[in-house]
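Have a look at the structure below, then the notes.
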Amino acid sequence: MNRPVRVVIAEPSAMVCAGLRAILDEAGGFVTAGVVTEPSMLDERLRILDADIAIINPSILDFRSSRNLRLSVPSLQEMRVVALVYGVFDDESLRQYDAVIKIVDAPSSIVGRLRRLTETESEHLSDGGYELTDREREILISVARGRTNKEIADEHNISIHTVISHRKNITRKTGIKSVAGLTVYALLNNMIDQNDME
């Protein structure tokens, strides 16, 4: 890992946040980029903090957000999302997260899950320089055409997690974070033409 993994914690309890920060600090390789206690500020803060992983207590989200997490909080499309659970949540809600950690989990278990997420990311990132792979070009074209992560996953028969990994790689390689910017990039590099736009 070249740089520490930047983590944002979205959790209303100061005590839980302090405990999680201590676990991450002791583990090494992680930096707590920020803490969000107000759900209404989540999307805005995530955009500013430039995190790799968001650890979110699902209970801070309203029912609609908990069912459509990445649509309700668009900044989450570009990062790994981990549920911090110490209540009862249905499986359907938790499927939207890349991993689940429980408040009763041992620190080593929490760190292990987070490291596995970042290792998966690193494998994709180390696949080659700054040139987009053929698959990344396909994903970029789909993004430029206005497809959601789920639509892209269905279209290419891959998981949403893989789509997110590809999108992060595309952002890292191009330096462009916004969908509009990626669309312009695709147009300028003749990956799509104006007629392909929906």
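Note that the coordinates shown come from a computational prediction; the quantities given were computed from them, not determined experimentally.
- With sequence neighbours excluded, no residue forms a salt bridge (charged side-chain N to carboxylate O under 4.0 Å, His left out) with Glu151.
- Note that CG of Leu114 and CD1 of Ile101 are 5.5 Å apart. Values are rounded to the nearest 0.5 Å.
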Can you list the steps and then say if Val7 with Val31 is a side-chain contact (heavy atoms from CB on, under 4.5 Å)? CA-CA 6 Å; Val7 178; Val31 168; over 6 Å; no
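- Contact check for Ile60 versus Val36: no side-chain heavy atoms found under the 4.5 Å cut-off.
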Expected list for residues 47-54: side-chain donor-acceptor pairs under 3.5 angstrom, two or more places apart:
unit_1 : atom_1 : unit_2 : atom_2 : d
Arg47  : NH2    : Asp43  : OD2    : 2.5
Asp50  : OD1    : Lys177 : NZ     : 2.7
Asp52  : OD1    : Arg3   : NH2    : 2.7
Asp52  : OD1    : Lys168 : NZ     : 3.4
Asp52  : OD2    : Arg3   : NH1    : 3.3
Asp52  : OD2    : Arg3   : NH2    : 3.1
Asp52  : OD2    : Arg6   : N      : 2.8

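- Each of Ile56, Val73, Leu117 was scored for a side chain to side chain contact (heavy atoms under 4.5 Å, CB included) with Val81, with one residue passing: Ile56.
- Val184 is linked by a side chain to side chain contact (heavy atoms under 4.5 Å, CB included) to Leu188, counting only residues two or more places apart in sequence or in another chain.
- The shortest side-chain heavy-atom distance between Val82 and Tyr97 does not fall under the 4.5 Å cut-off.
- The side chain to side chain donor-acceptor pair (under 3.5 Å) pairs that include a residue from residues 12-41 number zero, where partners must be two or more places apart or lie in different chains.
- Tyr86 has its side chain out of reach of Val104: every pair of non-hydrogen atoms, C-beta onward, lies at least 4.5 Å apart.
- A distance-only check finds a donor-acceptor pair linking the side chain of Asn57 to the backbone of Ser59 [under 3.5 Å].
- With rounding to the nearest 0.5 angstrom, the CG atom of Asp98 is 13.0 Å from the CZ atom of Arg116.
- The structure places CZ of Arg137 at 10.5 Å from CD1 of Ile170, a figure rounded to the nearest 0.5 Å.
- Ile160 pairs by the side chain to side chain contact (heavy atoms under 4.5 Å, CB included) definition with Asn149, Lys150, Ala153, Ile164, not counting sequence neighbours.
- Considering only residues two or more places apart in sequence or on other chains, Ala27 meets the side chain to side chain contact (heavy atoms under 4.5 Å, CB included) condition with Phe30, Val111, Arg115.
- Put simply, CG on Leu132 and CE on Met191 are 5.5 Å apart, with the number rounded to the nearest 0.5 Å.
- Taken to the nearest 0.5 Å, the CD atom of Glu136 stands 12.0 Å off from the CD1 atom of Ile141.
- Screening residues 102-113 for side chain to side chain donor-acceptor pair (under 3.5 Å) gives Asp105-Arg113, Ser109-Arg113 as the qualifying pairs, with residues at least two apart or on separate chains.
- Residues His166 and Leu140 have side chains not in contact (no heavy-atom distance under 4.5 Å, counting atoms from C-beta outward).
- Residues passing the salt bridge (charged side-chain N to carboxylate O under 4.0 Å, His left out) test with Glu138 are Arg135, sequence neighbours excluded.
- In this structure, Ala83 and Leu94 approach most closely via the heavy-atom pair CB-CD2, 3.9 Å.
- Heavy atoms only, all atoms of each residue included: Leu84 and Ile55 are closest at CB-CG2, 3.8 Å.
- Here Ser159 pairs with Thr162 under the side-chain hydrogen bond (donor to acceptor under 3.5 Å, both in side chains) rule; sequence neighbours left out.
- Looking only at distances, no side-chain donor or acceptor of Glu155 sits under 3.5 Å from a matching main-chain atom of Ile152.
- Remark: the Arg45 side chain and the Ser75 side chain contain no N/O donor-acceptor pair separated by less than 3.5 Å.
- Expressed to the nearest 0.5 Å, how far CG of Leu20 lies from CD1 of Ile9 amounts to 4.0 Å.
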